[in-house]
Each structure stands twice: as structure tokens, then as C-alpha cells.
Amino acid sequence: MSAPAGCQLTGSWRIVEGDLWDRGYLDLSGPATITIGDDNNGEIAFGALQAGLDLSYSPSMVFFTWAGCDEMDEVTGNGSAELLEDGSIEITFAYHNGDEAILKAKRYTSSTAC
């Protein structure tokens, strides 16, 4: 199954803030990002976490389970991302039996270097 034709969340997003972590931690290993693919797969990376996403879609929201590594420990969880009126997304991100965070992301804009 792929994303519905009207899903507005597919693409790459830059995570710009979080309620549990400051920007320094979010960008610890590089720019904090979430990628929402149109093939039921995605990725998220922030702090020391890198994880793959298993996605399901609606026009203005995606739901996901995730699995990956955080500081070399295997971790899993679930979450969702919802499109906000200002064009950003709010991500609810939960570790299995652990913390739950709210992250905000803005769509990457493409630019070409001269």
C-alpha cells in the first residue's frame, strides 16, 4: 500500500524543536530529520537515535511504529505526525515503555548552490 493521493506529509522534514530536548541535542549527530515516504516506510534521526518507520496514512496525518538504535541500544516505539495550519508538522514520538516527546518539524525547502 502506498500513501493516499491527498497525503500532504510525504517528503523530508527538518525537526526544529522538541519539548524534552534542546536544539543542541536534537542536532547531536547531524541535522534532526524525519522522512515520510510514500511507500509505507520512512526514517527519523535526532540526537543519537536513528530509526526506520513503518507508516500508515491519512490526508493530514501519519501513524507509525519505529525501530532503531539510540546510543547503540536497540529501541522501539510508535508515534504520529500531524499537519498544522502553519504548514509545519507536530510529531508525537514515544519510546516503548519510556519517554514520550512532542517534536515540531518544517518541510525542507530545496535550494541549489551556485
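Reckoned from all heavy atoms, side chains included, excluding hydrogens, waters and symmetry mates. For this chain, numbers begin at 1 and follow the sequence in order.
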> Would you call L26 and L103 a side-chain contact if the rule is heavy atoms closer than 4.5 Å?
Replying inline: yes
>> Which heavy atom of G47 sits nearest to which heavy atom of S29, and what is that distance?
In response: O-OG, 3.1 Å
>> Could you measure the distance from the CD1 atom of I89 to the CG atom of L84? Nearest 0.5 Å is fine.
In response: 8.5 Å
>> Tell me the closest heavy-atom pair linking S58 and C7, and the distance in Å.
In response: O-SG, 3.6 Å
> Which residues satisfy the side chain to side chain contact (heavy atoms under 4.5 Å, CB included) test with T76, sequence neighbours excluded?
Replying inline: A67, H96
>> Going by salt bridge (Lys or Arg N to Asp or Glu O under 4.0 Å), name the pairs with one or both residues in residues 66-89, residues two or more places apart or in two chains.
In response: D86-K104
> Can you tell me if N41 uses its side chain to pair, donor with acceptor, with the backbone of D39 under 3.5 Å?
Replying inline: yes
>> With rounding to the nearest 0.5 angstrom, report the CG to OG1 distance, N78 to T65.
In response: 7.5 Å
> In the hydrophobic clustering that connects Ile, Leu, Val, Met, Phe, Trp and Tyr at side-chain heavy-atom distances below 4.5 Å, which members other than M61 occupy its cluster, ordered by chain and number?
Replying inline: F63
>> D99: which residues meet the side chain to side chain contact (heavy atoms under 4.5 Å, CB included) condition with it, sequence neighbours left out?
In response: L20, Y95
> What is the distance from atom SG of C69 to atom CG of L49, rounded to the nearest 0.5 Å?
Replying inline: 8.5 Å
> When rounded to the nearest 0.5 angstrom, what is the spacing between CD1 in I36 and OH in Y57?
Replying inline: 8.0 Å
>> List the residues meeting ring-ring contact (aromatic ring centres under 6.0 Å, His included) with F46, not counting sequence neighbours, and say none if there are none.
In response: W21, F93
> Do any pairs count as a salt bridge (Lys or Arg N to Asp or Glu O under 4.0 Å) and have a residue in residues 11-27, sequence neighbours left out, and if so which ones?
Replying inline: R14-D27, R23-D27
> Is there side-chain contact between F64 and I91, with heavy atoms separated by less than 4.5 Å?
Replying inline: yes
> What pair of heavy atoms forms the shortest contact from S88 to A105, and how long is it?
Replying inline: CB-O, 3.2 Å
>> Nearest 0.5 Å, please: how far is OG1 in T35 from CG in L9?
In response: 12.5 Å
> For R107, which residues count as a side chain to side chain contact (heavy atoms under 4.5 Å, CB included) partner, sequence neighbours excluded?
Replying inline: W13
>> Run the side chain to side chain contact (heavy atoms under 4.5 Å, CB included) test against T92 and tell me which residues pass, sequence neighbours left out.
In response: S80, E100, I102
>> Using a 4.5 Å cut-off between side-chain heavy atoms of Ile, Leu, Val, Met, Phe, Trp and Tyr, which other residues end up in the same hydrophobic cluster as M72?
In response: none
> Quick one: do L83 and I15 end up in the same hydrophobic cluster if we chain Ile, Leu, Val, Met, Phe, Trp and Tyr together by side-chain heavy atoms under 4.5 Å apart?
Replying inline: yes
